[in-house]
Amino acid sequence: MATLIGIVILAVALPAWAGITFVGLVRARRGDELPQPRLPRPRRSPAKKAAWIAGLAYLAGGVLHLYGLTYMPFLFPEDACWFKAGMKVYPDSSGALPVSLVCHGMEIVPWWVNPGLLVFAVTAVAATVTSVFLALRRLAAQ
């Protein structure tokens, strides 16, 4: 019962108290007048958009590669085949790039991992080159 009460205090009471305190501090600093309207943000340049796309492609490719690496044998290689394929055998071969784990002649890594890595890599490199090109073109135009 004490744990349940503690969870309620941590999950409900403390965030509510912190929110009320924060609102009170903001009102004390600003007064009760209405907040000032925010000015519209300047539009993102095409170079910045390309940089965002490149960053997301790098991040997604890294996540996909980490997922693929979960299939790799590390400390006990035979356990990779045991846990992923149900065969207590030593892997025939494995590799980190392209991501591959072959147990008893059968590829264990899902088929879509390596094409996904290729798509993210091409997207990231193309968006990076495009971003740099657009930024330099914009600087030259000024």
Side-chain angles (χ1 to χ4, degrees), residues 3-142:
T3 305
L4 181 62
I5 293 171
I7 290 174
V8 169
I9 288 172
L10 288 175
V12 177
L14 285 177
W17 173 79
I20 292 167
T21 303
F22 178 74
V23 169
L25 290 173
V26 169
R27 283 198 179 148
R29 186 178 333 135
R30 188 177 64 210
D32 284 333
E33 72 269 2
L34 292 173
Q36 298 296 322
R38 293 185 181 185
L39 298 175
R41 289 188 314 165
R43 292 177 53 105
R44 281 200 182 107
S45 68
K48 194 173 277 192
K49 289 178 186 175
W52 271 100
I53 291 171
L56 290 174
Y58 281 119
L59 181 68
V63 168
L64 183 60
H65 195 245
L66 283 176
Y67 172 75
L69 290 180
T70 62
Y71 286 90
M72 294 296 100
F74 289 107
L75 197 52
F76 301 106
E78 65 276 2
D79 286 348
C81 292
W82 176 252
F83 292 128
K84 305 297 183 189
M87 298 178 263
K88 188 72 170 176
V89 296
Y90 194 82
D92 297 340
S93 67
S94 66
L97 202 58
V99 180
S100 173
L101 175 67
V102 179
C103 295
H104 213 289
M106 183 171 59
E107 178 65 47
I108 305 301
V109 177
W111 66 269
W112 48 266
V113 170
N114 289 314
L117 286 174
L118 180 64
V119 166
F120 285 132
V122 169
T123 303
V125 170
T128 301
V129 170
T130 303
S131 175
V132 169
F133 173 75
L134 291 173
L136 292 177
R137 190 178 77 171
R138 185 175 179 188
L139 284 176
Q142 289 179 353

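Keep in mind that the numbers below use all heavy atoms, side chains included, and drop hydrogens, waters and symmetry copies.
- Pairing each heavy atom of T70 with each of K84, the nearest pair is O-CE, 3.4 Å.
- Applying the ring-ring contact (aromatic ring centres under 6.0 Å, His included) test to Y67 and every residue at least two apart in sequence or in another chain returns Y71, W112.
- The two atoms that bring L101 and E107 nearest to each other are N-OE2, 3.0 Å, heavy atoms only.
- Formation of a donor-acceptor pair under 3.5 Å by the E78 side chain with backbone atoms of P91 is not found in this model.
- Shown here is F76, whose CZ atom has no more than 12 heavy atoms of other residues, nucleotides or ligands within 6.0 Å.
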Atom pairs and distances, side-chain donor-acceptor, residues 116-129, under 3.5 Å, sequence neighbours left out:
| unit_1 | atom_1 | unit_2 | atom_2 | d |
| --- | --- | --- | --- | --- |
| T123 | OG1 | V119 | O | 2.7 |
| T128 | OG1 | Y58 | OH | 3.3 |
| T128 | OG1 | A124 | O | 2.7 |

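- At distances below 3.5 Å, not a single donor-acceptor pair connects side-chain atoms of S100 with backbone N or O atoms of S94.
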Under the criterion side-chain contact (heavy atoms from CB on, under 4.5 Å), I'd like the reasoning laid out for D92 against M106: C-alpha separation, chi angles, the key distance, then a yes or no. CA-CA 9 Å; D92 297 340; M106 183 171 59; over 6 Å; no

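- Counting heavy atoms from C-beta on, the side chains of S45 and R138 come closer than 4.5 Å.
- Here the side chain of H65 pairs a donor or acceptor atom with the backbone of A96 at under 3.5 angstrom.
- The shortest distance between side-chain heavy atoms of L134 and K48 does not fall below 4.5 Å.
- In terms of modelled atom types and a separation under 3.5 Å, the side chain of N114 and the main chain of V99 share a donor-acceptor contact.
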